[in-house]
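No hydrogens, no waters, no symmetry mates; every other heavy atom, side chains included, goes into these values. Within every chain, numbering begins at 1; the chains are lettered A, B, ... in the order of the sequence lines, protein sequences first and strands thereafter.
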Number of protein chains: 2
Amino acid sequence: MKDSSDDDFDRIDLKILRALQSEGRLTNADLAERVNVSPATCHRRTQRLFEEGHITGVRAEVAPAAVGLGALVMVGVVLDRSTPESFAAFEGAVLEMKEVLDCNLVAGDFDYLLKIRVRDMADFNKLHGQKLIALPGVRQTRTFFVMKEVKENARLPF
Amino acid sequence: MKDSSDDDFDRIDLKILRALQSEGRLTNADLAERVNVSPATCHRRTQRLFEEGHITGVRAEVAPAAVGLGALVMVGVVLDRSTPESFAAFEGAVLEMKEVLDCNLVAGDFDYLLKIRVRDMADFNKLHGQKLIALPGVRQTRTFFVMKEVKENARLPF
DNA sequence: TTAGAAAATGAAAGATTCTTCCGATGACGA
DNA sequence: TCGTCATCGGAAGAATCTTTCATTTTCTAA
């Protein structure tokens, strides 16, 4: 158990979380008005949500195409061995690859599912040939090029 | 082509994008200092990045577990038919499902890959049985429970 | 039910920041 | 060289932040 207080939000906390999840740069004054609380209370509540780790960060979403990352690729990875050392080595290496946006250990036909952003298909080919299949313990990969991003990083439903 | 000006960032724009991608609630004053520009210039630059759509939004990241969404599941979906109408119907329905955080049309063994957040496995079972397989045109699904989130929503590498 | 303690609240106010105006500076083409 | 245009930083009023403080509310235990 954690050090801080119990983990239950009242209506105000939930409103703050929802508002900031949609508009992370809301002014404390605006947020207070939207939540029907005085600015002082709103400030304290928000500060607490950050301090207790319920809000893990606030991030601007940069349009991928604007920074030359127009291609999205999902990759399923199967490892050689299913030992803890094997998993750890793979995970450590993946954490160093900045092109890998998501990496999840899954149950199913793959060991890991990766989400990767690169400039284009040629770029991915290079990445695949030079880095992906060279990651520790990789036996096989399966590539899914994304042809259309229907929904991306939607807000949490709560 | 869009109406606005050409899409190339100088060193300052890139610094602003990188800074806000990591800390979306940075004060304009702090941001200006970090980027070595006057607050006035920084304000103008940032405003422009928003107006021209290079920053699509700023969002607080809420800890999923804190709001009762401790389970992450990836699902591969195969449709009955590969007609435009079939795709459109499926996508329209998926957009309405708030549990679906990501939905991508892919090339490979599946038609779509979904990323879904729910409370727990029981919750997913219900979702799967009552909504997922009932989505328009779904022939088959393949579920990948996430056992460990190694990397989640990392920053874009630019 | 009631008393007391603990936690949360809103008003207030000085410090900080935002946002815009303005003249100055620099880049570029004729 | 000159004129045009975009961008810059300083300045200042308006707005916001952030903390203090007295009050109110909530909770616990008798």
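A40(A) comes within contact range of at least one nucleobase, with a heavy-atom separation under 4.0 Å.
Dashed line: the shortest gap from a side-chain N or O of T41(A) to OP1 or OP2 of dG10(C) is under 4.0 Å. Within the structure, a side-chain polar atom (N or O) of R45(A) is placed less than 4.0 Å from OP1 or OP2 of dT9(C). Listed pair T27(A) / dT16(D) fails the phosphate criterion, with no side-chain N or O lying under 4.0 Å from OP1 or OP2.
Just one residue in the list D123(A), I133(A), V73(A) forms a side chain to side chain contact (heavy atoms under 4.5 Å, CB included) with H128(A), and that residue is I133(A).
If you measure from atom CG of D30(B) to atom P of dT18(D), you get 10 Å, rounded to the nearest angstrom. Taking atom CZ of residue R44(B) and atom P of nucleotide dT17(C), one finds them 19 Å apart after rounding to whole Å. Atom CD of E33(B) and atom P of dG10(D) are 13 Å apart (whole Å). Atom-to-atom, CG of L31(B) to C1' of dG9(D) comes out at 16 Å; the value is rounded to the nearest Å. Regarding L49(A), its CG atom lies at a distance of 12 Å from the P atom of dA8(C), rounded to whole Å. Remark: C1' of dC21(C) and NE2 of H43(B) are 13 Å apart, rounded to the nearest angstrom. In this structure, CD of E51(A) is placed 12 Å from P of dT18(D), rounded to the nearest angstrom. Rounded to whole angstrom, the span from the CD1 atom of I12(A) across to the P atom of dA7(C) amounts to 18 Å.
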Discussion item. Let's go through F90(A) and V77(A) carefully: what are the C-alpha distance in whole Å and the side-chain angles of both, what is the deciding distance for side chain to side chain contact (heavy atoms under 4.5 Å, CB included) to 0.1 Å, and is it a yes or a no?
Written reply: CA-CA 10 Å; F90(A) 177 81; V77(A) 175; 3.9 Å; yes
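Considering only the side chain of V37(A), dG10(C) comes nearest among dC17(D), dT20(C), dG10(C).
Follow the hydrophobic side-chain contacts under 4.5 Å out from V37(B) and you reach L17(B) in the same cluster.
Between F9(A) and H54(A), the ring planes are perpendicular. Angles over 60° get that label, and only those under 30° would be called parallel.
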